[in-house]
Amino acid sequence: THAALRKVLGEHIKQSGSYVGPDRLRFDFSHHQPMTPEEIEEVERIVNMEILKATPVSTEVMDIDSARKSGAMALFGEKYGDDVRVVSVGDFSKELCGGTHVAHTAQIGPFFITLETGIASGVRRLEAITGREAISYMLESKAFRREVASLLNRPEKDVLDGVKQLVEHNHELQKEVKKIKAEMFAGGGQSIGQEAQAGELTLMFHDFKETDRDIMAGWLDSQKERSAPVIAIAVGRVNGKTVYMASASNPAVTKHNIDIGHFSRMLVQQFGGRGGGKPNFAQGSVADTTDSTKLFETAKEMLLHEGA
């Protein structure tokens, strides 16, 4: 692994820690940035090609100066005695090492990198599987590919194209649903949502559940344009957060002195949120645990209190 990394990433690579087990390994090394998928694949290719050569692994004990002159690499600042073990894999790798795990490289079996991550500034970590673990991984991957091909009703070689088409189709459907919802809420806004009277004001409220801001804003705009004194409040889940929006029609602002920005700021604070805006439009957020019915009732009570 060390030699392959130096071939792919450069001669600056230095080992800074490792673990070697029967079917898996961990290798820490100095490097200034994450490895790309292509670099990871190239390291896997090089290591597996060397494994297939079944190169004998030789061990020789020599004094430290002779070992260094032979080109053997010392590992991560370890302290060595006068005599050291030099482990060689043909012409591919020669390192000072405390132990030998195989007689020849073919005993390692398939090699797959399962993790590449940073563990400290300038230090990366590779984890890989070999032997029986790698064979199990291959068989599971083959079964997964076969199952996906069956679900897509395509030959295995066409699975990736099928998944890409499915993602594109889903994206187009989401756009169409968004468009239809926006038209529905904007065009038929007066018939959507709960309605209550607070004196001469009409309070409209709707919980959009999973939605987006454009749909919520479209419905609020339709309420804002009404000729009656209307206050509209909307909540909805947008990208994992509970969003709050509100609007006030022109008669509500001019004839009833409604400032929906100020009103909303006072309202959302009671539900762990923050927000505000202009007299005719406001937005913000509330806590994800907010009971939308409770928020609606609180807004109604506030309007009744202000009008009292």
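Values below: every heavy atom of this structure, side chains too, minus hydrogens, waters and symmetry copies.
- For residues 246-258, there are no side chain to side chain donor-acceptor pair (under 3.5 Å) pairs, not counting sequence neighbours.
- Side-chain contact between L126 and L5 is present, with heavy atoms from C-beta onward closer than 4.5 Å.
- Looking at heavy atoms from C-beta onward, H206 lies out of side-chain contact with Q194 at the 4.5 angstrom threshold.
- Nearest heavy atoms, T55 versus G90: CG2-N, 3.5 Å.
- Residues I129 and L139 do not share a hydrophobic cluster, defined by chaining ILVMFWY side chains whose heavy atoms lie under 4.5 Å apart.
- Transitive grouping of hydrophobic side chains (ILVMFWY, heavy atoms separated by less than 4.5 Å) brings Y244 and M266 into a common cluster.
- Of all heavy-atom pairs between S30 and I13, the closest is O-CD1, 3.2 Å.
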Trace of the side-chain contact (heavy atoms from CB on, under 4.5 Å) decision for M35 with V43:
CA-CA 10 Å; M35 293 176 65; V43 169; 3.9 Å; yes
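- The side-chain heavy atoms of D259 and V253, taken from C-beta on, include no pair separated by under 4.5 Å.
- Salt-bridge check for R24 with E127: failed, with every basic side-chain N at 4.0 Å or more from each acidic carboxylate O.
- Going from atom CD1 of I119 over to atom CZ of R124 covers 9.0 Å, rounded to the nearest 0.5 Å.
- By the rule that hydrophobic residues join a cluster once side-chain heavy atoms approach within less than 4.5 Å of another member, I113 and Y137 end up as members of separate clusters.
- The local environment of CD in Q269 is crowded, with over 12 non-hydrogen atoms from other residues, nucleotides or ligands closer than 6.0 Å.
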Show your reasoning for whether side-chain contact (heavy atoms from CB on, under 4.5 Å) applies to L295 and V286.
CA-CA 10 Å; L295 186 145; V286 292; 4.0 Å; yes
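- M245 places a side-chain heavy atom less than 4.5 Å from the side chain of R213.
- Side-chain atoms of N48 come within 3.5 Å of backbone atoms of E44 as a donor-acceptor pair (strictly under, hydrogens ignored).
- Taken from CG in L152 to CG in L166, the straight-line distance is 6.5 Å, to the nearest 0.5 Å.
- Residues satisfying the side chain to side chain donor-acceptor pair (under 3.5 Å) test with K53, not counting sequence neighbours, are E50.
- Under a 3.5 Å cut-off, the side chain of E133 and the backbone N or O of T130 do not form any donor-acceptor pair.
- When side chains are defined from C-beta on, I51 does not count as touching Q107, because their heavy atoms never get closer than 4.5 Å.
- For F111 against A128, the heavy-atom pair with the smallest separation is CE1-CB, 3.5 Å.
- For P251 against S227, the heavy-atom pair with the smallest separation is CG-O, 3.1 Å.
- Listed by first and then second residue, the side chain to side chain donor-acceptor pair (under 3.5 Å) pairs that reach into residues 148-161 are R154-Q165, sequence neighbours excluded.
- Counting heavy atoms from C-beta outward, F296 and I233 have side chains that stay 4.5 Å or more apart.
- For F92, the CZ atom counts as densely surrounded, since its 6.0 Å shell holds more than 12 non-hydrogen atoms of other residues, nucleotides or ligands.
- To the nearest 0.5 Å, atoms CD (E42) and CD (E38) are separated by 10.5 Å.
- Atom CG of N239 and atom CD of E210 lie 9.0 Å apart (nearest 0.5 Å).
- Note that the CZ atom of F27 and the CG atom of L115 stand 14.5 Å from one another [nearest 0.5 Å].
- Remark: R274 pairs with no residue by the side chain to side chain donor-acceptor pair (under 3.5 Å) rule, at least two apart or across chains.
- Pairs of residues two or more places apart, or lying in two chains, that qualify as ring pair (Phe, Tyr, Trp, His ring centres under 6.0 Å) and include a residue from residues 31-57 are H12-H31, H12-H32.
- Proximity of L267 to F263: side-chain heavy atoms (C-beta onward) are separated by under 4.5 Å at one or more points.
- Between H2 and F29, the ring centre distance reaches or exceeds 6.0 Å.
- Below 30°, between 30° and 60°, or above 60°: for W219 and F208 the angle between ring planes is above 60°, a perpendicular geometry.
- Not one N or O on the side chain of N170 forms a donor-acceptor pair closer than 3.5 Å with the backbone of L173.
- In the hydrophobic cluster analysis, where Ile, Leu, Val, Met, Phe, Trp and Tyr join through side-chain heavy atoms closer than 4.5 angstrom, F112 is grouped apart from I40.
- A distance of 13.0 Å separates CD1 of I46 from CZ of R6, quoted to the nearest 0.5 Å.
- For R265, the salt bridge (charged side-chain N to carboxylate O under 4.0 Å, His left out) test picks out no residue, with sequence neighbours left out.
- The minimum heavy-atom distance between D207 and G236, with the atom names listed, is OD1-CA, 4.4 Å.
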Start with the C-alpha gap between S285 and V243, add the side-chain angles, then the distance that decides, and say whether side-chain contact (heavy atoms from CB on, under 4.5 Å) holds.
CA-CA 4 Å; S285 63; V243 172; 5.8 Å; no
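- Looking at E195, R226, Q197 one by one, the single match for side chain to side chain donor-acceptor pair (under 3.5 Å) with T202 turns out to be Q197.
- Between Q15 and S18, the side chains place a donor N or O and an acceptor N or O closer than 3.5 Å (distance only, hydrogens not considered).
- Summarising the geometry of V123 relative to S16, their closest heavy-atom pair is CG1-OG, 3.6 Å, with the distance given to 0.1 Å.
- The pair D288-R237 meets the salt-bridge criterion, since a charged nitrogen lies less than 4.0 angstrom from a carboxylate oxygen.
- Residue Q270 qualifies as enclosed at atom CD: its count of foreign heavy atoms under 6.0 Å is above 12.
- V235 is listed as a side-chain neighbour of S292, based on a closest heavy-atom distance under 4.5 Å.
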L304 and E301: CA distance, side-chain angles, deciding distance, side-chain contact (heavy atoms from CB on, under 4.5 Å) verdict
CA-CA 5 Å; L304 289 171; E301 291 172 7; 5.6 Å; no
